[in-house]
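Everything on this sheet refers to the single structure shown next.
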Number of protein chains: 2
Amino acid sequence: MNSFQPTEQRLAVTLRHYPAFPREPAILVRLVKHIYKRVHDDANAVLKPWGISHPEYNILMMMYGTEGYTLNPSQLADAAGEKSANITRLSNQLCDKGLIERTASDEDRRKVTLTLSKAGLAMIGEFLPAICALLERQTATLKVAEMAQMEKLLKKFLDQLEQS
Amino acid sequence: MNSFQPTEQRLAVTLRHYPAFPREPAILVRLVKHIYKRVHDDANAVLKPWGISHPEYNILMMMYGTEGYTLNPSQLADAAGEKSANITRLSNQLCDKGLIERTASDEDRRKVTLTLSKAGLAMIGEFLPAICALLERQTATLKVAEMAQMEKLLKKFLDQLEQS
DNA sequence: TGTATTTATTTCATAAATGTAATATCAACA
DNA sequence: TGTTGATATTACATTTATGAAATAAATACA
């Protein structure tokens, strides 16, 4: 019934061929992949009317979530989970669209300061209702306690990933 | 201490700016993104000695997990969660490397049959121990019950994503 | 049979992501 | 002060992913 079944089915066969294969970890990794792809596609679809992509949205939201709407590329890379080369490209795009502004920092001239522009702030105000609706829809059947539980478990998973 | 903190911190500020923003759903989506990136990078690193990428690995494993090691591109797209254009490119690469074979189907000549080659099967046998070790490491701190719980919750999440 | 529809796959143009190297500034300290 | 090493950012080349259109075979059915 769901898109995961073909994947899960193949894992069962894999286990018959290779019994040492760790089923649970593999299931989790594959579920995460499926979910990520879906979430990514959905976000792109919702954002299309504003002409921005999901990664661009993430950048904008990380700036929106920063006091003063200002940070520099390396902080942005951390917050958005993108590599620095991607940050350069994405912030160029957003500059071209007039949504953020780039200025050289005075104290440390290696640094660059990125700030949300008025237009960027305005656009966020426009698409946020659609994004909120999407997020609500995507989790409509999940109970609050389930989401909290998932958050806890995913954080533990991420922690372990980063240590290993 | 972990890479998610900057992201979570920004979500807190976002909520002050825009209280209607659904915190839990947003947290989950961002955790999934972080986890996926990490898992993807780790797998690429482990597979590098064999000269294959994570998506190529996924293709090979979906074939390994199929009776007769044979399927056609559209089944493969479903199982691997890749778009069909990607399947063409990836299966071309794997053909070039001699890991899979492509033949025209007799019953339905629109279809193409992809089969794991002897070399492909052999390579899987070689890298599986390293992959198993990776999966075990990545989930070392997770208890069996926690993984089972996460599987259940992630499946429910994915189901909802696909219906909305 | 002939025509229209649907399904399977690929091609091609474009966009997105990544790794590596290059550039520039800063900090430390002899 | 000058030199060294570290850090921040960007540029460039390459790989990877995607969407949309093209091709070709199967199916439905008038």
Side-chain angles (χ1 to χ4, degrees), chain A residues 6 33-34 36-48 50-60 70-97 100-115, chain B residues 6 33-34 36-45 47-48 51-60 70-97 100-115:
Chain A
K33 179 186 166 165
H34 279 247
Y36 174 71
K37 293 233 165 184
R38 182 72 197 215
V39 161
H40 182 70
D41 288 352
D42 283 359
N44 275 318
V46 164
L47 292 164
K48 198 158 198 174
W50 288 275
I52 64 172
S53 68
H54 186 210
E56 288 174 321
Y57 159 84
N58 276 324
I59 301 295
L60 291 175
T70 289
L71 28 70
N72 50 46
S74 46
Q75 295 174 301
L76 196 48
D78 286 349
E82 296 282 345
K83 323 253 156 133
S84 62
N86 270 341
I87 294 296
T88 300
R89 181 178 46 84
L90 290 166
S91 57
N92 282 343
Q93 290 168 194
L94 293 169
C95 275
D96 290 349
K97 294 176 186 174
I100 69 177
E101 275 148 21
R102 187 202 306 262
T103 55
S105 165
D106 302 324
E107 356 123 13
D108 185 339
R109 267 176 307 186
R110 288 171 306 181
K111 291 190 181 175
V112 167
T113 299
L114 302 169
T115 308
Chain B
K33 180 188 164 163
H34 280 247
Y36 174 71
K37 294 232 165 184
R38 183 71 198 215
V39 160
H40 181 68
D41 289 351
D42 284 358
N44 275 319
L47 293 164
K48 197 157 199 175
I52 64 171
S53 67
H54 186 211
E56 288 174 321
Y57 159 83
N58 276 324
I59 302 295
L60 290 176
T70 289
L71 30 71
N72 47 47
S74 47
Q75 294 174 303
L76 197 48
D78 286 349
E82 295 283 345
K83 322 255 156 132
S84 61
N86 268 342
I87 295 295
T88 299
R89 181 176 49 83
L90 291 167
S91 57
N92 283 343
Q93 290 168 194
L94 293 170
C95 276
D96 290 349
K97 293 176 187 174
I100 68 178
E101 275 149 21
R102 186 201 306 261
T103 55
S105 163
D106 302 324
E107 356 122 13
D108 185 338
R109 269 177 304 185
R110 290 170 306 181
K111 290 190 181 174
V112 167
T113 298
L114 301 169
T115 308

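Hydrogens, waters and symmetry mates play no part in the numbers below; they use all other heavy atoms, side chains included. Reminder, nothing fancy here: chain letters follow the sequence lines and each chain counts from 1. Fair warning: this is a prediction, and the values are worked out from it, not measured in the lab.
- In terms of heavy-atom proximity, A:Ile52 sits nearest to A:Glu56 at CA-OE1, 3.2 Å.
- Picking from D:dA11, D:dT18, D:dA17 the nucleotide with the shortest atom distance to the side chain of B:Pro55 gives D:dA17.
- With respect to the salt-bridge test (charged N to carboxylate O, under 4.0 angstrom), the residues A:Asp106 and A:Lys111 do not qualify.
- Between A:Gln93 atom CD and D:dT10 atom C1' the separation is 15 Å, expressed in whole Å.
- One can place CG of A:Asn72 at 10 Å from P of D:dT10, the figure rounded to the nearest angstrom.
- In this structure, the CD1 atom of A:Ile87 is 15 Å from the P atom of D:dA11, given to the nearest Å.
- Of the side-chain N and O atoms in B:Arg89, none sit less than 4.0 angstrom from OP1 or OP2 of D:dG19.
- Where A:His40 and A:Ser84 each meet DNA chain D at their nearest nucleotide, the meeting point lying more 5' is that of A:Ser84.
- For A:Glu82, whose side chain is taken as the heavy atoms from C-beta onward, the closest listed nucleotide among D:dT10, C:dT10, C:dT18 is C:dT18.
- The base of C:dT9 has none of its N or O atoms less than 3.5 Å from a complementary donor or acceptor on the side chain of B:Arg110.
- Remark: A:Arg38 engages A:Asp42 in a salt bridge, criterion side-chain N to carboxylate O under 4.0 Å.
- Side chain of B:Thr88, nearest nucleotide from C:dA16, C:dT11, C:dT18: C:dT11.
- Straight-line distance from the CG atom of A:Asp41 to the P atom of D:dT18: 7 Å, rounded to whole Å.
- A:Glu107 comes within 4.0 angstrom of sugar-phosphate atoms only, judged by non-hydrogen atoms across all strands, and of no base.
- Sequence order on DNA chain D of the closest nucleotides to A:Asn92 and B:Gly81 puts A:Asn92 first from the 5' end.
- Comparing atom distances between the A:Lys111 side chain and each of C:dT10, C:dA16, D:dT9 picks out D:dT9 as nearest.
- Using a cutoff of 4.0 Å between basic side-chain nitrogens and carboxylate oxygens, B:Lys33 and A:Glu82 are scored as salt-bridged.
- For B:His54 and C:dT18, the NE2 to C1' distance is 16 Å, given to the nearest whole Å.
- Comparing B:Ser74 and B:Lys37 by the nucleotide of DNA chain C whose heavy atom lies nearest to each, the residue mapping closer to the 5' end is B:Ser74.
- Taking all atoms of both residues into account, the shortest heavy-atom contact from A:His54 to A:Ala43 is CD2-CB, 3.5 Å.
- Protein atom CG of A:Asn86 is 15 Å distant from nucleotide atom P of D:dT9, rounded to whole Å.
- Rounding to whole angstrom units, NZ of residue A:Lys33 and P of D:dT16 are separated by 13 Å.
- Proximity of B:Arg109 to the phosphate of D:dA24: no side-chain N or O atom is located under 4.0 Å from OP1 or OP2.
- Here D:dT9 presents its P atom at 8 Å from CG of A:Asp108, a figure rounded to the nearest Å.
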